[in-house]
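Okay, so here's the structure we're looking at.
Sequential numbering from 1 along the given sequence is applied to the chain's residues.
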Amino acid sequence: MHSAVLLIEFGSIILGLGLLGRFAGRYRLSPIPLYLLAGLAFGEGGLLPLGASEEFVATGAEIGVILLLLMLGLEYTASDLVTNLKSHYPAGLVDCALNAVPGAVAALLMGWGPVAAVVLAGVTWISSSGVIAKVLGDLGRVGNRETPVILSVLVLEDLAMAVYLPIVTALVAGAGLMTGSITLAIALAAAGLVLFVAVRYGRLISRFVSSDDPEKLLLVVLGLTILVAGVAQQLQVSAAVGAFLVGIALSGEVAEGAHTLLSPLRDLFAAVFFVFFGLHTDPASIPPVLLPALALALLTAVTKIATGYWAARRAGISVKGRWRAGGALVARGEFSIVIAGLAVSAGIEPSLGPLATAYVLILVVLGPLTARFTEPLAMRLFRRGGNPDRPAGPAEGAPRAAEAEASVGD
C-alpha cells in the first residue's frame with residue numbers, strides 16, 4: 001500500500017510539474033516561481049500535504065542540485081574560466097560588493113547572526129544563469145555587444161561558487177575555525193588541481209570518458225559525477241562543488257554530448273528540487289517576511305543594474321548596452337535557492353527559508369521585466385544628458401570580439 005501511495009504521489013508531482021512547465025512556456029515565463037508555489041501548496045501548512053513520497057522527493061532534490069552544478073561546469077572549459085578570471089575579475093569584485101553586502105547587512109539588522117548573514121549574502125549575490133540565458137534568447141540579444149559582458153559576470157559568479165559553497169557548508173555544519181579552514185583549504189586545493197589537470201590533460205580525460213554509445217556515455221558521466229559529489233560531501237566540501245569540478249574537467253565533444261543527454265534529467269530533478277524547497281516552507285511564514293524580502297529585492301535589483309552598467313562601461317559598451325546589461329542581471333533563481341537550502345536543512349534560521357522563497361519569487365518575475373524595460377526607461381529619464389548612443393572608448397582588456405562587432409541592437 002505504501003508503495004502504491006508513493007507512486008501515486010510522485011507521479012502526480014511529475015505530471016503537475018510538466019503542466020506548470022507547459023503553462024510557463026506558453027507565456028514565455030520562467031517556471032521556477034510556479035515550482036516553488038507548487039511546493040508551498042503541498043508542503044507544511046499547504047492545501048494538501050504529501051507524506052509517503054517526501055523522502056523520495058528529498059533524494060531527487062539532492063540529485064537535482066548535483067545535476068545543476070554539473071551542467072554549469074559543462075558550459076565552461078578550464079581555459080575559459082582562467083581567461084575570464086584574469087580579464088574580468090574587477091567586475092566580479094564590484095558584483096560581490098554591491099550585491100552580497102546588502103544581504104549580509106539585512107540579516108544582521110534582523111538579528112539573525114553571522115552565519116545567516118553569510119548565507120543571505122550568497123542568496124542576494126548570485127544571479128540566475130538559466131533565467132538570464134533564456135531571457136537573452138527570447139529578446140534576441142545573444143549577438144549584442146553587451147552579452148559577453150553579462151556572460152563574464154555570470155561566469156565569475158559561478159567560479160566563486162566553488163569557493164563560497166564550502167565556506168557555507170562548513171559554517172552551517174557548525175565547524176570550528178580550524179575545521180572550517182581545513183575544509184576551505186581542501187576545496188581550494190581541489191578546485192586548483194582540477195583546473196590545472198583540465199587545462200593540461202583535459203583531452204585525455206575527455207577521451208577516457210568518451211563513448212560513441214549515448215547510453216554508455218550517460219552512465220559513465222552520471223556515475224562519475226555522483227561518485228565525486230559523494231566523496232566531496234564526505235570531505236565536508238560540498239557535493240555541488242564536486243559536480244561543478246567534474247563538469248569543468250570534461251570538454252569538447254564529450255561535454256557537448258553529455259550536455260545533450262543530461263539536459264532532460266537536469267530539468268526533471270531541478271524541478272523536483274524547487275518543489276522540495278517549497279515543501280519545507282510553511283506558507284504562513286511568508287507574510288511576516290514579505291516586506292523585508294520586497295525591500296531587499298528592490299535594493300538588489302538596483303545594485304545588479306549598477307553592476308552590469310559598470311562592467312559594460314569598463315568594456316567600452318555604449319550607454320544603451322550598459323543599461324541592457326544591468327537590467328539583464330537582475331533575476332535570481334536556482335542558486336539562491338540552493339544556498340538557502342543549505343541553511344534551511346541545518347536549521348540555521350527559521351525565517352531564512354521563507355524570506356529566500358519570497359525574494360526569489362519576486363526577482364524571478366521582475367528579472368525579465370527589467371531586462372526588457374531598463375534601457376528604454378533609462379533613455380527616457382536621462383535623455384537630457386547629451387547623446388546616449390555615443391559609445392565609450394574600448395577599455396583596456398575589453399574582449400576583442402566585442403571590439404570587432406558592430407553595436408547590434410543599439
Side-chain angles (χ1 to χ4, degrees), residues 20-37 91 95 98-99 124-155 157 274 293-313 315 317-337 358-385 387-392 402 405-410:
L20 289 174
R22 288 175 61 180
F23 176 82
R26 175 173 297 180
Y27 295 97
R28 304 177 76 177
L29 302 172
S30 167
I32 292 175
L34 300 181
Y35 296 156
L36 286 171
L37 290 173
D95 182 28
L98 291 182
N99 298 287
T124 59
W125 176 16
I126 305 297
S127 297
S128 171
S129 302
V131 174
I132 291 170
K134 184 177 186 304
V135 169
L136 291 176
D138 290 344
L139 295 178
R141 296 182 183 174
V142 175
N144 281 23
R145 284 196 66 197
E146 74 273 5
T147 299
V149 176
I150 297 170
L151 297 179
S152 295
V153 173
L154 295 176
V155 168
E157 288 182 353
F274 291 118
L294 180 60
L296 193 58
L298 294 177
L299 173 62
T300 53
V302 172
T303 55
K304 273 293 182 183
I305 291 173
T307 298
Y309 187 97
W310 186 90
R313 182 177 183 273
I317 306 301
S318 69
V319 174
K320 283 188 175 183
R322 298 173 200 172
W323 288 115
R324 286 197 298 267
L329 286 169
V330 167
R332 309 309 200 271
E334 57 273 24
F335 296 116
S336 295
I337 296 297
Y359 177 81
V360 169
L361 284 172
I362 293 169
L363 286 184
V364 82
V365 173
L366 184 63
L369 298 178
T370 59
R372 186 183 297 268
F373 297 114
T374 296
E375 178 242 319
L377 285 176
M379 291 300 98
R380 181 171 297 180
L381 289 173
F382 300 108
R383 186 173 293 170
R384 298 175 184 176
N387 181 11
D389 292 331
R390 183 177 58 85
E405 291 175 3
S407 183
V408 180
D410 282 352

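Residue Arg313 holds its CZ atom at 5.5 Å from CZ of Arg322, rounded to the nearest 0.5 Å. Annotation: the span from Leu98 atom CG to Trp310 atom CH2 amounts to 9.5 Å, rounded to 0.5 Å. With values rounded to the nearest 0.5 angstrom, Trp125 atom CH2 is found 9.5 Å from Asn99 atom CG. Put simply, CD1 on Ile337 and CD1 on Ile32 are 8.5 Å apart, with the number rounded to the nearest 0.5 Å.
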Open item on the list: The test is side chain to side chain contact (heavy atoms under 4.5 Å, CB included); show your working for Thr303 and Thr124 and say whether it passes.
Closed with: CA-CA 10 Å; Thr303 55; Thr124 59; over 6 Å; no

Task: Full working for side chain to side chain contact (heavy atoms under 4.5 Å, CB included) between Ser127 and Val153 - done: CA-CA 9 Å; Ser127 297; Val153 173; over 6 Å; no

- [ ] Please step through side chain to side chain contact (heavy atoms under 4.5 Å, CB included) for the pair Leu154 and Leu329, ending with a clear verdict.
- [x] CA-CA 8 Å; Leu154 295 176; Leu329 286 169; 4.0 Å; yes

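The minimum heavy-atom distance linking Ala328 with Ile132 is given by the pair O-CG1, 3.2 Å. When all heavy atoms are compared, the tightest approach of Ser128 to Gly333 is CB-N, 3.5 Å. When all heavy atoms are compared, the tightest approach of Val364 to Pro368 is O-CD, 3.3 Å. Ala301 approaches Leu363 most closely through the heavy-atom pair CB-CD2, 4.3 Å. Across Pro33 and Val365, no two heavy atoms sit closer than the pair CG-CG2, 4.3 Å.
Here the side chains of Arg332 and Ile362 are not in contact, with every heavy-atom distance at 4.5 Å or above. The shortest side-chain heavy-atom distance between Leu361 and Leu37 falls under the 4.5 Å cut-off.
In this structure, the side chain of Arg141 engages the main chain of Ala371 through a donor-acceptor pair within 3.5 Å. Put simply, the side chain of Thr147 never gets that close to the backbone of Gly143: no donor and acceptor are under 3.5 Å apart.
Residue pairs meeting the salt bridge (charged side-chain N to carboxylate O under 4.0 Å, His left out) criterion with at least one partner in residues 300-310, sequence neighbours excluded, are Asp95-Lys304, Glu157-Lys304.
Judged as a side chain to side chain contact (heavy atoms under 4.5 Å, CB included), and not counting sequence neighbours, the contacts of Ala325 are Glu146, Ile150, Ala312. Considering only residues two or more places apart in sequence or on other chains, Phe373 meets the ring pair (Phe, Tyr, Trp, His ring centres under 6.0 Å) condition with none of them. Partners of Thr374 according to the side-chain hydrogen bond (donor to acceptor under 3.5 Å, both in side chains) rule, which considers only residues two or more places apart in sequence or in another chain, do not exist here. Remark: Leu34 engages Leu20, Phe23, Ala24 in a side chain to side chain contact (heavy atoms under 4.5 Å, CB included) (not counting sequence neighbours). Every residue meeting the ring pair (Phe, Tyr, Trp, His ring centres under 6.0 Å) condition with Trp323, not counting sequence neighbours, appears here in chain and number order: Tyr309, Phe382.
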